[in-house]
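No experiment lies behind these values; they were computed from the predicted model shown. We use all heavy atoms of the structure for the numbers below, so side chains are in, but hydrogens, waters and symmetry mates are not.
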Amino acid sequence: MPDTLTPAVRKLQARLAAGLPDLCLTGAVAADVFNGVWLTGVDVLITGDRITSLVPTGSVKAREIVDLTGKTILPAFIDSHVHIESSMLTPAHFSDLVVPEGTGTVVADPHEIANVLGTEGIRFMIENAEGCPLDIRFMLPSCVPATPFEHAGAVLEADDLAPFFNDPAVLGLAEVMNVPGVLAGDEKLLKKDCACPVFGAACGRSRAGHQRH
């Protein structure tokens, strides 16, 4: 059987085998979002950056214990579609504002900055997002310019987007707004939407936005 474990998972396994979890969150009410119930009398154990288990209160020791009596533990929110540029902030500053409000992950479409700066703008957004507390993933802008009537700062075709295909921060192709182009079988649009191999089903990539699949 092929080895499918990532280095991060192997590192976590080694730390778990070594003994105590790094952190125990105790005293809080925890949300079980899978079963739709609130859990009391449980400790949340964390090793590294992973929640490893929920156990009865006081049943497991840890290197550090944080008493959260009176608090609630919830999974972070995921914003599945956002244009960070609309906030007039860089990804790093956007992260500083939304993380304290409970958002842990966003999927960003840098369509607006790409309309002005093209691939240079996309690269800036990806690089500026690196190392942020907020997990920022990207979908590549599919319609730059948004319509053939615009005078944008760039025109992005499939070949222009190709250098980003293997970037781990890139999840797929963002909102295809040019519905008439899809229906008419516009060759350049369909090359971005369908023919780019990295977005094939075998690669697990996706498309999003204002189109029907």
Side-chain angles (χ1 to χ4, degrees), residues 4-87 89-111 125-140 167-175 203-209 213:
T4 59
L5 297 180
T6 65
V9 172
R10 289 199 170 279
K11 184 177 179 180
L12 176 60
Q13 287 181 331
R15 292 178 71 173
L16 290 173
L20 298 177
D22 295 334
L23 179 64
C24 172
L25 306 179
T26 189
V29 176
D32 179 350
V33 296
F34 293 102
N35 297 303
V37 297
W38 296 99
L39 302 176
T40 59
V42 297
D43 288 347
V44 179
L45 304 182
I46 299 171
T47 295
D49 62 354
R50 305 282 176 167
I51 295 175
T52 56
S53 60
L54 274 68
V55 299
T57 298
S59 62
V60 175
K61 295 181 179 181
R63 292 184 174 88
E64 180 183 359
I65 298 176
V66 176
D67 188 348
L68 296 179
T69 299
K71 304 292 185 180
T72 302
I73 297 175
L74 293 165
F77 297 117
I78 299 174
D79 190 335
S80 61
H81 184 83
V82 63
H83 298 280
I84 293 176
E85 311 94 299
S86 295
S87 69
L89 298 170
T90 63
H93 286 92
F94 183 81
S95 169
D96 291 341
L97 291 181
V98 302
V99 168
E101 301 299 326
T103 298
T105 301
V106 301
V107 181
D109 172 9
H111 170 87
M125 297 293 282
I126 293 175
E127 291 180 353
N128 189 261
E130 293 177 357
C132 290
L134 182 67
D135 185 3
I136 304 177
R137 306 303 176 97
F138 291 90
M139 303 288 276
L140 296 176
D167 192 306
V170 173
L171 300 181
L173 190 67
E175 50 187 359
C203 296
R205 299 287 179 154
S206 60
R207 296 167 292 174
H213 302 296

Asks: Would you confirm whether Asp43, through its side chain, and Gly58, through its main-chain N or O, come within 3.5 Å as a donor-acceptor pair?
Replies: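 Pair found, side chain donor or acceptor close to backbone of Gly58.
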
Asks: For Val44 and Leu68: C-alpha separation, side-chain torsions, deciding distance, then whether side-chain contact (heavy atoms from CB on, under 4.5 Å) applies.
Replies: CA-CA 11 Å; Val44 179; Leu68 296 179; over 6 Å; no

Asks: CG of Leu45 to CG of Leu54: how many Å apart, nearest 0.5 Å?
Replies: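 Separation between the atoms: 7.5 Å.
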
Asks: Kindly give the heavy-atom pair with the smallest separation between Thr52 and Ile46, and that separation in Å.
Replies: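 Heavy atoms only, the tightest pair is OG1-N, 4.2 Å.
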
Asks: Using every non-hydrogen atom in the two residues, find where Val33 and Pro75 come nearest and quote the distance to one decimal.
Replies: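 Here Val33 and Pro75 meet closest at CG1-CG, 3.7 Å.
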
Asks: Would you compute the distance between atom CG of Asp79 and atom OG1 of Thr103 and round it to the nearest 0.5 angstrom?
Replies: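 So the gap between those two atoms works out to 6.5 Å.
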
Asks: Which atom names give the shortest non-hydrogen contact between Asn128 and Thr90, and what distance separates them?
Replies: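 Asn128 and Thr90 have their closest heavy atoms at OD1-CB, 3.4 Å.
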
Asks: Take atom CD1 in Ile51; do more than 12 heavy atoms of anything else shown fall under 6.0 Å from it?
Replies: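 Open.
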
Asks: To the nearest 0.5 Å, tell me how far His111 NE2 sits from Met125 CE.
Replies: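 Reported to 0.5 Å precision, the distance equals 12.5 Å.
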
Asks: Just by distance, do the side chain of Thr105 and the backbone of Ile78 share a donor-acceptor pair under 3.5 Å?
Replies: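 Judged by distance alone, no pair lies under 3.5 Å.
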
Asks: Could you grab the distance from atom CD1 of Ile126 to atom CG of Asp167, nearest 0.5 Å is fine?
Replies: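 Ile126 atom CD1 to Asp167 atom CG measures 4.5 Å (nearest 0.5 Å).
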
Asks: Minimum heavy-atom separation for Ser53 and Val55, please, with both atom names.
Replies: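 In terms of heavy atoms, the two residues are closest at OG-CG1, 3.9 Å.
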
Asks: Please give me the minimum heavy-atom distance between Asp22 and Gly48, naming the atom from each residue.
Replies: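 For Asp22 and Gly48, the tightest heavy-atom pair comes out as OD2-N, 2.7 Å.
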
Asks: Would you name the heavy atoms of Ala174 and Met139 that are closest together and state the gap between them?
Replies: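 Smallest interatomic distance, heavy atoms only, reads CB-CB, 3.5 Å.
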
Asks: Can you pull out every side-chain hydrogen bond (donor to acceptor under 3.5 Å, both in side chains) where at least one residue sits in residues 27-38? Sequence neighbours excluded, please.
Replies: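 Applying side-chain hydrogen bond (donor to acceptor under 3.5 Å, both in side chains) to every pair that reaches into residues 27-38, excluding sequence neighbours, yields Asp32-Asn35.
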
